[in-house]
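Have a look at the structure below, then the notes.
Just the heavy atoms: all of them, side chains too, but no hydrogens, waters or symmetry mates, feed the values below. To find a chain, count down the sequence lines: A is the first, B the second, and so on, and within it residues start at 1.
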2 protein chains.
Amino acid sequence: MTHDDDVHPAWLPDAALAPLRTRPCTVLGSGPCARTARAELGPQVPLDRATLVVATAAEPALPGLPPIPAGGYALVRDGERLLVIGDDEACALRGVYALARDLAVQALTGNEPPLTVHAPGQPLRMLDHWDNIDVHPVMGQVERGYSGGSIFYADGQVRADLGRVRDYARLLAATGINAVAINNVNVHAREARLLTDGLDDVARIAAEFRDHGIRTFLSVSFAAPVLLGGADTADPLDPAVADWWRTATDRVYAAIPDFGGYLVKADSEGQPGPFAYGRSHADGANLLAAALRPHGGTVLWRAFVYDHRQDWRDRSTDRARAAHDHFAPLDGDFAENVVLQVKHGPMDFQVREPLSSVLAAMPHTRLAIELQVTQEYTGQQRHLCYLAPAWREYLRHPLDGTHPVADTVAGVTGVSNVGDDPFWTGHPLAQANLYAFGRLAWDSTLTPERILDEWIALTFAGAGADGLRRIAAALHTMLDDSWRRYEGYTAPLGVGFMVRPGTHGHPDVDGYEYTPWGTYHFADRDGIGVDRTRSTGTGYTGQYPSPWREIYESVDTCPDELLLFFHHVPYQHVLHSGSTVIQHIYDSRADAVEQLDGVEVAWDSLRDLVGTDLPAAVDHRVRERLAEQRRSAIEWRDQIRSYFLRKSGVPDRTGRPIY
Amino acid sequence: MTHDDDVHPAWLPDAALAPLRTRPCTVLGSGPCARTARAELGPQVPLDRATLVVATAAEPALPGLPPIPAGGYALVRDGERLLVIGDDEACALRGVYALARDLAVQALTGNEPPLTVHAPGQPLRMLDHWDNIDVHPVMGQVERGYSGGSIFYADGQVRADLGRVRDYARLLAATGINAVAINNVNVHAREARLLTDGLDDVARIAAEFRDHGIRTFLSVSFAAPVLLGGADTADPLDPAVADWWRTATDRVYAAIPDFGGYLVKADSEGQPGPFAYGRSHADGANLLAAALRPHGGTVLWRAFVYDHRQDWRDRSTDRARAAHDHFAPLDGDFAENVVLQVKHGPMDFQVREPLSSVLAAMPHTRLAIELQVTQEYTGQQRHLCYLAPAWREYLRHPLDGTHPVADTVAGVTGVSNVGDDPFWTGHPLAQANLYAFGRLAWDSTLTPERILDEWIALTFAGAGADGLRRIAAALHTMLDDSWRRYEGYTAPLGVGFMVRPGTHGHPDVDGYEYTPWGTYHFADRDGIGVDRTRSTGTGYTGQYPSPWREIYESVDTCPDELLLFFHHVPYQHVLHSGSTVIQHIYDSRADAVEQLDGVEVAWDSLRDLVGTDLPAAVDHRVRERLAEQRRSAIEWRDQIRSYFLRKSGVPDRTGRPIY
């Protein structure tokens with residue numbers, strides 16, 4: 001099924017589909033997803049001879065089917081027959097991939113496929129692409145991309161051959177993703193024109209996604225009426241501006257009837273927005289919502305708004321407060337087809353942050369939580385960092401005091417980690433993050449270990465039984481704790497941002513300390529951390545509901561891993577773990593690097609499988625990345641240990657060398 | 001005379017030449033520089049009616065002329081006639097501009113032109129251009145350029161219209177410059193081909209410089225035989241490689257008979273060189289020298305060779321030692337037409353460094369001292385930083401214990417600060433640096449104040465007498481101490497490199513501290529500085545001759561301004577000035593910023609001259625830069641004061657605020 005033999009099939013190799021393809025099969029239905037399912041499953045037989053039947057719940061040829069929840073599917077045994085029944089044809093296609101997955105897991109664990117009803121946790125499960133058409137002089141083609149160029153664009157235009165987009169859509173369909181934004185939220189001049197001159201090309205991309213049950217979104221510039229329409233204002237309350245958006249949107253839907261909607265980064269890091277006209281973000285979002293509403297489209301409006309020209313000398317301004325300060329007062333003002341897209345943390349995708357208080361502050365607004373699959377601050381696909389444990393923590397967190405976040409949001413969005421790299425994601429094992437994102441967006445109760453089993457069972461479906469079990473054991477050793485390990489050798493205790501400005505990939509403890517970006521650690525010779533308490537600090541703790549406002553307010557109850565996010569403490573402060581802050585900084589870095597031995601041993605243990613159960617190209621790339629991870633982790637360890645010894649003067653109790 | 005009305009005439013406005021053009025004049029001679037002098041001076045009269053005569057010393061029509069030193073000229077009074085006599089026609093042209101200069105200074109100071117013989121301090125007075133043809137993705141078109149694009153190249157090729165190159169050549173001729181390298185020492189693929197496919201274009205550029213007595217050089221890649229010739233080696237001892245260079249060089253001279261030679265950055269920061277073949281830098285330089293010798297050409301071989309992938313954890317490696325370690329053992333091994341080009345300091349153009357010990361270590365080698373006119377580390381033409389006081393200090397320094405450096409070197413080279421900006425140099429007042437560079441290369445005994453008077457008198461020759469005097473007073477206030485002022489608010493006491501990696505223009509105290517570049521300050525909570533002594537440090541002091549090795553070795557005799565370059569001392573160490581290191585850091589930054597008040601007041605005092613004696617465009621640009629200088633200087637002050645308070649814990653005795 002894959003488009004190009006040189007491209008790794010990720011979690012859908014032929015071997016993963018083979019157990020389905022051996023069954024006499026019938027796919028009922030005539031839409032694009034039914035056609036895709038037929039192409040996936042192979043030659044069709046008459047219904048009465050099929051032992052695998054794929055259909056929608058409304059299929060007249062199959063009376064008496066169970067009710068299917070909205071957007072869901074069921075796997076049903078009917079005597080010798082297996083039925084895959086979807087709420088619609090797109091859901092049925094997802095069910096086909098789910099069955100393949102459950103059969104693959106059976107080959108690994110021996111567990112029978114659970115034949116039951118599946119419903120999505122959220123209606124919107126979306127990937128955002130920060131892809132540019134023109135290569136940006138600083139950010140490259142894919143902003144914060146670590147997997148080569150864009151799969152959508154090359155040579156200044158939409159690719160003529162969209163084979164990889166089709167392969168990508170197929171991979172996403174198998175995880176449950178149902179929406180994709182195909183261009184960067186920082187909308188540059190060339191990309192802005194996708195909305196108008198580029199519609200034919202967008203329609204070609206949308207067709208590939210449509211065949212896999214995925215709706216296409218565009219990132220648009222709030223200034224589009226000026227940039228593209230030649231108007232002299234983009235004021236959201238100006239009727240001519242509303243007209244422009246209505247007309248432009250009508251044209252989009254004429255070309256793409258199932259277009260998803262617009263994604264907007266407004267008044268953020270230099271992007272235009274409603275503030276220029278003295279209007280609120282609700283005014284801005286509702287303008288686009290009105291244009292989309294007749295067509296059933298949605299506005300994804302990002303809450304990532306803060307002052308990126310802050311004065312580091314002013315300790316009273318706190319970037320962590322910004323999204324809440326801007327948006328919480330607007331709760332209830334947004335149109336129904338607006339979804340406010342909120343980054344999971346109040347800062348910016350650090351390896352450890354508390355959840356954004358905004359996620360519990362706007363009960364009358366549809367929210368989406370935004371995650372980052374691309375590893376901007378978590379190792380840039382050179383380091384192993386399996387993010388499912390982090391994401392699950394966020395999604396299951398009872399931020400409002402009662403309900404898991406996943407149960408209160410309307411959507412989960414993530415920034416894709418995919419490019420035109422032969423392994424899709426640079427590091428072959430970073431595929432697991434993309435897979436896990438889709439699965440957790442669908443069902444946040446899944447454990448990271450279970451999801452990893454699924455990914456392994458599918459990806460290595462061609463391996464022999466023994467090889468598969470050994471691969472799974474090795475990959476669990478390598479990935480299960482990789483997020484905490486990465487946290488261990490990088491910025492400590494929730495303090496964040498000890499990276500080189502620009503690249504974000506290299507250690508630089510003071511890199512952001514005296515910049516306008518609002519990202520500081522305030523380390524001096526006596527202590528470190530940001531006082532965000534109500535009593536003596538910026539008051540950010542007060543933006544949380546109980547019990548979190550009280551828990552974060554006190555050093556006695558604040559969790560160790562967030563201590564420096566909320567408090568400025570002396571180096572000799574004793575953590576709940578019993579260690580001091582300074583000794584924790586020393587130990588955790590050294591310990592985390594020592595754990596890499598086990599990671600490398602685990603991969604080495606598979607050496608005899610290379611060339612048979614494990615492709616040589618995968619082995620080669622993984623080894624190259626492991627070597628770079630070790631080099632970089634040691635650099636992190638040594639820089640941070642040296643920095644804090646120089647600053648604190650406190651020696652490492654264990655006597656391990658500090659340079 | 002200027003090519004383009006929108007381009008500032010710098011120090012050769014029509015008004016500067018007017019006092020010469022009013023005299024009945026004869027220029028004798030038929031070469032390109034004689035033609036240029038005629039074009040400059042206007043209609044010619046018969047010799048017996050001329051009161052201004054320009055000729056060479058060998059002119060048969062003027063018997064009995066005084067002897068002229070090699071490369072020099074004389075201004076001679078002969079009754080009513082003024083004679084400008086050059087060693088050759090290029091020298092005579094320089095004499096014409098010298099006479100214009102002396103007459104302009106007379107208008108400012110009342111001093112009569114000193115009619116005497118002038119001889120150059122060095123035979124080679126050269127500007128290096130770090131210009132690329134293709135815009136480099138990181139470094140832009142002009143590497144470390146702060147004055148727009150290249151005057152030589154546009155749109156991926158040599159400009160069709162070389163009018164600005166001609167204007168530039170004229171400006172340089174008036175300062176005494178006689179050599180220019182027209183492309184970046186980091187030779188990228190496109191620029192490498194200037195040596196072969198691009199010869200016609202190089203010849204066009206060389207013609208403009210030839211008309212002004214300036215020889216053209218190319219930066220070449222040591223790997224050219226491989227890159228351009230398709231050979232599989234560039235080994236300097238391979239006869240086929242020598243053949244390739246001979247043939248290529250013969251072709252260059254066929255196109256440009258007075259071609260100057262090659263400038264080479266080898267085995268440095270990623271550039272190819274002889275080390276790849278196990279050969280020495282003498283082998284490498286002599287290879288090119290052999291090809292150039294038959295034509296009278298010269299190799300400029302850069303001594304800027306060091307390990308830019310150093311491990312910051314290893315305190316025994318010292319980049320300051322590198323050039324000496326590499327080159328001093330080769331003294332006497334270089335061919336006669338090789339000039340070893342040595343940066344003035346052992347590091348890299350910092351605002352304060354000691355002189356490079358290499359400049360006193362190679363008595364049997366022709367050396368050139370390399371200065372940086374472009375203000376990479378000295379304010380990037382946004383800050384005022386008149387560099388003549390620094391350069392004069394370097395050139396007059398008795399590094400060998402007896403002779404000023406200027407008297408021991410064969411050449412002075414500088415990295416140009418010019419681009420296609422309408423003011424040539426971004427900051428209009430940065431023109432003074434370009435002018436001063438040429439003048440000090442010619443005569444290092446000139447005082448910075450005298451040179452500034454010259455530049456002012458020429459540049460503002462169109463102003464009225466009172467206006468001119470007021471402008472001069474203001475500019476001396478602004479520029480005379482600007483280098484020490486810039487030093488005052490940036491990295492203290494010779495420690496260097498507290499800048500953002502990449503841009504080099506923004507303060508970042510730890511920016512280079514944990515990098516592979518060998519540029520560290522080792523500040524911890526107790527002290528700061530690099531121990532480069534023989535007794536306890538890296539031993540760099542031992543590379544100096546007496547008395548400097550002893551002077552720099554001891555904290556008691558080491559000059560304050562170089563203390564942290566040579567010593568690691570506690571913050572409470574008492575300087576010769578009586579202050580402590582930490583209090584000096586606090587005070588000098590605050591004092592230097594306070595001095596900017598006087599700078600701004602001085603410029604403001606000229607407000608009533610704007611539009612008459614002072615062009616409005618100059619005023620506008622200067623004001624814009626002064627505002628940015630203040631903003632940036634405050635940022636430097638506050639970052640460095642905060643950094644050292646946080647680290648040392650010692651309060652500022654004066655109580656001035658630290659953030």
Side-chain angles (χ1 to χ4, degrees), chain A residues 135-141 309-317 498-503 506-517 520-528 568 570-571 582 631-632 634-651 657-659, chain B residues 135-141 309-317 498-503 506-517 520-528 568 570-571 582 631-632 634-651 657-659:
Chain A
V135 176
H136 187 273
V138 177
M139 289 298 179
Q141 186 171 33
R309 297 173 188 274
Q310 189 180 325
D311 190 334
W312 60 266
R313 287 162 284 225
D314 166 20
R315 285 214 188 185
S316 68
T317 302
M498 291 181 165
V499 290
R500 180 78 51 80
T503 71
H506 304 88
D508 186 348
V509 178
D510 272 5
Y512 271 102
E513 196 56 18
Y514 302 94
T515 71
W517 295 94
Y520 316 118
H521 53 63
F522 298 127
D524 61 21
R525 73 198 317 258
D526 302 316
I528 179 173
H568 187 93
Y571 290 115
I582 187 72
R631 187 206 62 75
S632 172
I634 289 172
E635 182 67 32
W636 272 101
R637 176 193 71 189
D638 290 348
Q639 271 201 38
I640 292 189
R641 284 166 53 92
S642 289
Y643 179 98
F644 283 101
L645 175 65
R646 289 192 194 178
K647 210 148 200 170
S648 72
V650 181
I658 300 186
Y659 301 93
Chain B
V135 176
H136 188 274
V138 177
M139 290 299 179
Q141 185 169 35
R309 297 174 187 273
Q310 189 180 326
D311 190 334
W312 60 268
R313 287 162 283 224
D314 166 20
R315 284 214 188 185
S316 68
T317 303
M498 291 180 166
V499 291
R500 180 77 51 82
T503 72
H506 304 88
D508 185 349
V509 179
D510 272 4
Y512 271 102
E513 196 57 18
Y514 302 94
T515 73
W517 295 94
Y520 315 118
H521 54 63
F522 299 127
D524 61 22
R525 72 199 317 260
D526 302 315
I528 178 173
H568 187 93
Y571 290 117
I582 188 71
R631 187 206 63 75
S632 172
I634 290 172
E635 181 67 33
W636 273 100
R637 176 193 71 190
D638 291 347
Q639 270 201 37
I640 292 189
R641 284 166 53 92
S642 288
Y643 178 98
F644 284 102
L645 175 65
R646 288 193 195 178
K647 210 149 200 169
S648 73
V650 181
I658 299 186
Y659 300 93

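Contacts of B:Glu513 with chain A are made by side-chain atoms alone, with heavy-atom separations under 4.5 Å and no backbone atom involved. Interface remark: A:Ile640 contributes no atoms to any contact with chain B (heavy atom separation under 4.5 Å). Interface residue A:Thr515: only side-chain heavy atoms are found under 4.5 Å from chain B.
A:Tyr643 carries B:Lys647 over the face of its six-membered ring, with the cationic atom under 6.0 Å from the centre and within 45° of the normal.
Between B:Ala523 and B:Phe644 the shortest heavy-atom distance is CB-CE2, 4.1 Å. Residues A:Met139 and A:His136 come closest through the heavy atom pair N-ND1, 2.9 Å.
Interface check for chain B: of the options A:Leu645, A:Asp524, A:Asp314, the most heavy-atom pairs under 4.5 Å are formed by A:Asp524. Contact count versus chain B (heavy atoms, under 4.5 Å) is highest, among A:Pro137, A:Pro657, A:Ser648, for A:Ser648. Comparing A:Glu635, A:His506, A:Arg315 by heavy-atom pairs within less than 4.5 Å of chain B, the highest count is held by A:Glu635.
For A:Arg500 and A:Asp508, the salt-bridge test passes: some basic side-chain N is under 4.0 Å from an acidic carboxylate O.
A:Ile658 is listed as a side-chain neighbour of A:Ser642, based on a closest heavy-atom distance under 4.5 Å.
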